[in-house]
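Just so we're on the same page: letters track the sequence lines, and every chain starts at 1.
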Amino acid sequence: MHKIKVNGREVRVGEGTTLAAAILASGDPFRTSVRGEARAPLCGIGICFECRVTVNGQPHVRSCTVLAEDGMEIVTGE
Amino acid sequence: MNKTSTDILIVGAGPAGLAAAAAAANSGGTVTLIDENPRAGGQIWRAELGKIRSPAASKFLRALTQGRVDLINSATVFAFSGDNTLTAQTPGGSISISCGKMILAAGARERFLPFPGWTLPGVFGAGGLQALVKGGLSIENKRIVVAGSGPLLLAVADYLKTHGATVLVIAEQASAAKIRRFARGLWRQPEKMVQAAALRARLIGIPYKPDTWITRCRGPRVSKRLARELEVTIKSRGSSRVIECDYVACGFHLVPNLELPMLLGCQIRDGSVSVGDHQQTSVRDVYCAGELTGIAGIESSLIEGEIAGLAASGQTEKAKTLIKKRDAATGFGRALDHTFALRPELKHLVEDDTLICRCEDVSYAQVKDFATFREAKLQTRCGMGPCQGRVCGPAVEYLLGWEPASVRPPIFPVKMKYL
């Protein structure tokens, strides 16, 4: 089990879970588009950049390409 | 920047890259395999919750752990310099690897076509949703519409069903006549025939509808939370119906990831990299294997990878013995191209306000009157966002007949300090 925070709320996920899967489970949108639409992952494999979020202060991380690890703090909706 | 060198550098650790690594590892030279994902295996052998489950993949991965191949994970190649050197971004900084020979096995991605509602949260690629489930997303009791084109739809539907979802329909845009001809042709490859029969048995109860495609998707407009329910309109031979579901999994077959071969200057023909008998490209010391040379499936990728690995490591006599088998496997790719070619009706799904470029929110109305991708890029920023046209590129090539845009480094967004 890994404990991560998505927008300040604790989310528990199993070993090998990607951040994208964890955020989808949380129900929060991933990013806000240029015109203000909520977006979520499309390709699941690091191509489309729709799943990008801020991880531990680092912006524009493709959440589908990163595995969740204890203590990660994720900010979405930017 | 960390600098290393190797005799043979392989880009992409899917079936083609792994087969190339295994073949080249016997030659005595140093072999380096570089991949973007946290685990090797590519998309077809993508790890489930961190573990690779395919026995075929495990065989190759064992060869890697025997120490003959240096595997670098989580490394995204973004630049090339003339002295056969690739530069990649990794979580720990950038690395630069120079090599004697290079084998490109960067695989393919799904082709996405815009339709009203395709940007809604909950509308995924078909392989896209499968990848997310492999990454731990629960789809227990979710109602899912699988749509688009290609054999991947069947594999995805099977996977989703096995993981607790209810697949409401598989909407395949290709015609029933083409699908029948394709199925009849499978006898040429007995192992594919067996796979297809087993898959068909597992999919009993899920309607498989050829001549059918999504025309629209609607969802509640909510800004704070993701949509809970989607309304999908499906068109089939003139009649339409609306289906309520939780997720849509929609992809229109596959397109090769041509950015890296184009950056290197490899000759491209009909949307894939041109290669010779030994998988050599038009660029000296650069070989290419797998879906980059045309979408032809895993058997073709494995054998092309093996030939490339043998040829690049000087084992050309051994490589020659595989050419006939390779040609049979790539023939399957031509049948796929023909069967799952996009029907013209799909060009008319877009409406003026449908977004074409999701990165920059550029609509169809904004781009439809431009003659070239370059003009549209300069005037509207279509294709200029972080995906660099990987999603909208194949779509506008089909919708508007534009040529693919030229490729410039960095081919993936990287931090300024790495440039």
Side-chain angles (χ1 to χ4, degrees), chain A residues 1-2 4 6-9 11-69 72 76-78, chain B residues 36-39 42-43 46-51 74 76 91 107 109-110 112 118-138 221-228 247 250-251 257 355 357-363 381 385-388 390-391 412-413 415:
Chain A
M1 272 295 187
H2 294 282
I4 63 168
V6 179
N7 299 321
R9 281 178 298 126
V11 177
R12 286 161 182 258
V13 296
E15 187 63 37
T17 303
T18 60
L19 289 181
I23 298 165
L24 276 166
S26 83
D28 287 356
F30 284 68
R31 74 175 188 102
T32 306
S33 81
V34 177
R35 290 191 194 166
E37 295 177 3
R39 294 283 171 75
L42 173 71
C43 77
I45 62 169
I47 295 286
C48 74
F49 286 75
E50 289 283 36
C51 72
R52 61 190 196 269
V53 296
T54 298
V55 180
N56 297 336
Q58 190 190 332
H60 309 305
V61 176
R62 289 169 290 167
S63 60
C64 70
T65 65
V66 180
L67 298 178
E69 283 173 30
M72 278 181 166
T76 77
E78 293 170 308
Chain B
E36 184 179 24
N37 297 285
R39 301 273 187 278
Q43 299 313 329
R46 174 175 272 268
E48 286 180 71
L49 299 178
K51 291 196 185 68
S74 300
T76 305
R109 58 179 177 260
E110 285 184 272
F112 298 108
W118 78 300
T119 55
L120 285 170
V123 180
F124 303 94
L129 182 54
Q130 182 181 29
L132 288 160
V133 175
K134 285 187 173 181
L137 172 67
S138 167
R221 281 202 175 271
V222 280
S223 56
K224 288 224 177 76
R225 309 288 288 175
L226 299 185
R228 283 177 305 281
Y247 292 148
C250 182
N257 291 320
L355 294 183
C357 169
R358 303 169 63 116
C359 292
E360 298 285 337
D361 281 2
V362 182
S363 71
R381 293 199 54 77
C387 98
Q388 300 184 343
R390 284 177 170 81
V391 174
F412 260 104
K415 290 194 186 130

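- Under the 6.0 Å distance and 45° angle rule, R390(B) counts as a cation-pi partner of F412(B).
- Heavy-atom distances place the side chain of T76(B), and not its backbone, under 4.5 Å from chain A.
- Options R46(B), Q130(B), Q388(B), E48(B) differ in how many heavy-atom pairs under 4.5 Å they form with chain A, and the most are formed by R46(B).
- Your options are E110(B), R358(B), R39(B), K51(B), and the one with the most heavy-atom pairs under 4.5 Å with chain A is R358(B).
- With a 4.5 angstrom heavy-atom cutoff, E36(B) touches chain A only via side-chain atoms.
- For R109(B), the salt bridge (Lys or Arg N to Asp or Glu O under 4.0 Å) test picks out E259(B), with sequence neighbours left out.
- Between chain A and the options V391(B), L355(B), V123(B), L129(B), heavy-atom pairs under 4.5 Å are most frequent for L355(B).
- Both the backbone and the side chain of S33(A) come within less than 4.5 Å of a heavy atom in chain B.
- With a threshold of 4.5 angstrom between heavy atoms, S138(B) does not approach chain A through any atom at all.
- Heavy-atom pairs under 4.5 Å with chain A were tallied for G127(B), C359(B), C250(B); the largest tally goes to C359(B).
- In terms of heavy-atom pairs under 4.5 angstrom with chain B, the leader among C64(A), G14(A), A25(A), P41(A) is P41(A).
- Chosen from V34(A), L42(A), T17(A), the residue pairing most often with chain B at heavy-atom distances under 4.5 Å is L42(A).
- I47(A) has its side chain within reach of N257(B): a pair of non-hydrogen atoms, C-beta onward, lies under 4.5 Å apart.
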